[in-house]
Amino acid sequence: MSVKQGLLALLATEPMYGARLRAEFESRTGGTWPLNVGQVYTTLARLERDGLVEAIGEDAEGRISYRLTRTGRAEVAMWWASPVTRETTPRDELVIKLALAVTVDGVDVNRVVQTQRTATLRHLQDLTRLKQRATTHHEAAADGDGQVDLAWLLVLENLIYAGEAEVRWLDHVEARLVREANRPRKSADGIPTTVQDGTTDSATRMVSNALKGGTR
Amino acid sequence: MSNAPSNDVILRLDNVTRVHGTDGTAVRALAGVSLDVRAGELVAVMGPSGSGKSTLLNLAGGLDAATSGQVIIEGQSIGTLKGDALAKLRRRRVGFVFQDFNLIPSLTAVENVALPLELDGQRVGKARRRAIDALSMVGVQDLADRYPDKMSGGQQQRVAIARALVGDRRLVLADEPTGALDSHTGEGVLRVLRERCDAGAAGLLVTHEARHAAWADRVVFLRDGVVVDSTGTPDTAEALLEPTA
């Protein structure tokens, strides 16, 4: 997530000073991606240098508010109009861990899968409780609060769908390992054998998928 | 999520095994499963096809008999009950919710909900009053006189939950209750089920979707008839996570 784009989008609603920008960003995303205020001011300084925002003076308490320039408005419009690209997807530790688990001797892969699934299900339970609370609050809220609740609900639901996808993938890994263990293989001399471990082909596929995740 | 006392066990499965067939063709559908569901608790059961989810639910509801081990509903071991007594216990203590609602099409919502009470010998007027109470608890009292074909899927499933928990019934066994519903409606049904459990019912929910299982207090994961994961207390879960081979 680009902090830059987030701040620009918020400034398109009205001029704001740094601490307020941070508070608005966090309340609209439910505090899921906390910003430190230093990061906000560094970003604002860079945006000002690049001509995307301009300071409009201090208030009584000495806080400097910023507003978008014409270039800044164009930048925001461009952001809304463009898809988010996935070229820089971060490396996924779980994918890499499982890819390594099937290739490193002595690791109980099933146990790795089960431990992760239990943890992910617990995480999903926590998220669902939060969602239940947020939904109740949203239904009772006035218009202004309701919009912020809605934003938070959408963030929660994204995390829930991501957790669900992870559990489905873990189920798939488990089932594949069973199939793989029972798959007849041709040995070096051409005689089919059943391989109980050393699942090199699936390992190759998993490593390749993990590496597609990013190369930072 | 629940405020109910934690020691009120409504359903207990004690080392339950179910074997289909004999000797050479024997298949263990469930192998030594132990599980408690307390008042105020919703427990989800997940697992791939053939892992024993439906067998577990059928055993819990007395629709199938365990090969060994005990199924205990509100303190009563159902293995010792004969036909009529078992039917009576099911009628009084256990409610089922199915994927396809299973309401009787020729009866209105309130008649569907009152039916188990009437079958149990209650007078029509009293059964109807209790059925209206049950419909109110799931928010569909206004549909009391409507027939199933005049209700949406979500409304029918709410009526089915009301029927499952009408009168003194406190155990609801739900088999993929959201399977035939769109995501938003399905979630509404899960909320109702969750609320009924928070109010003191005990629920066992079979589902293959993690997103739905997450509404439960505890998720039990079955594979080949054995519990392999559980999101119970960390100590229990650690014990269950020992390799099962």
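Here the structure is a predicted model, which means the values were calculated and not measured. So that the names make sense, note that chain A is the first sequence line, chain B the second, and so on, each numbered from 1.
Taking all atoms of both residues into account, the shortest heavy-atom contact from B:Val228 to A:Gln114 is O-OE1, 3.5 Å. Counting all heavy atoms, side chain and backbone alike, A:Thr136 lies closest to B:Arg191 at OG1-NH2, 3.5 Å.
The environment of B:Arg12 atom CZ is sparse: at most 12 non-hydrogen atoms of other residues, nucleotides or ligands sit within 6.0 angstrom. Around atom CZ of A:Arg179, more than 12 heavy atoms belonging to other residues, nucleotides or ligands sit under 6.0 Å away.
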- Task: Apply the test side-chain contact (heavy atoms from CB on, under 4.5 Å) to residues B:Glu187 and A:Lys131: give CA-CA distance (whole Å), side-chain angles for both, the deciding distance (0.1 Å), then the verdict.
- Result: CA-CA 11 Å; B:Glu187 192 173 300; A:Lys131 183 182 167 183; 2.5 Å; yes
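For the pair A:Gln125 (side chain) and B:Asp217 (backbone), a donor-acceptor distance under 3.5 Å is present.
For the atom pair B:Phe221 CZ and A:Leu121 CG, the distance stands at 7.5 Å (nearest 0.5 Å). Between the CG atom of B:Asp198 and the CD atom of A:Gln132 there is a distance of 6.5 Å, given to the nearest 0.5 Å.
B:His212 is not listed as a side-chain neighbour of A:Glu164, based on a closest heavy-atom distance of 4.5 Å or more.
Of the atoms belonging to A:Glu174, it is side-chain heavy atoms, and not backbone ones, that fall under 4.5 Å from chain B.
Between B:Arg211 and A:Glu157, no side-chain nitrogen of the basic residue sits less than 4.0 Å from a carboxylate oxygen of the acidic one, so the salt-bridge criterion is not met.
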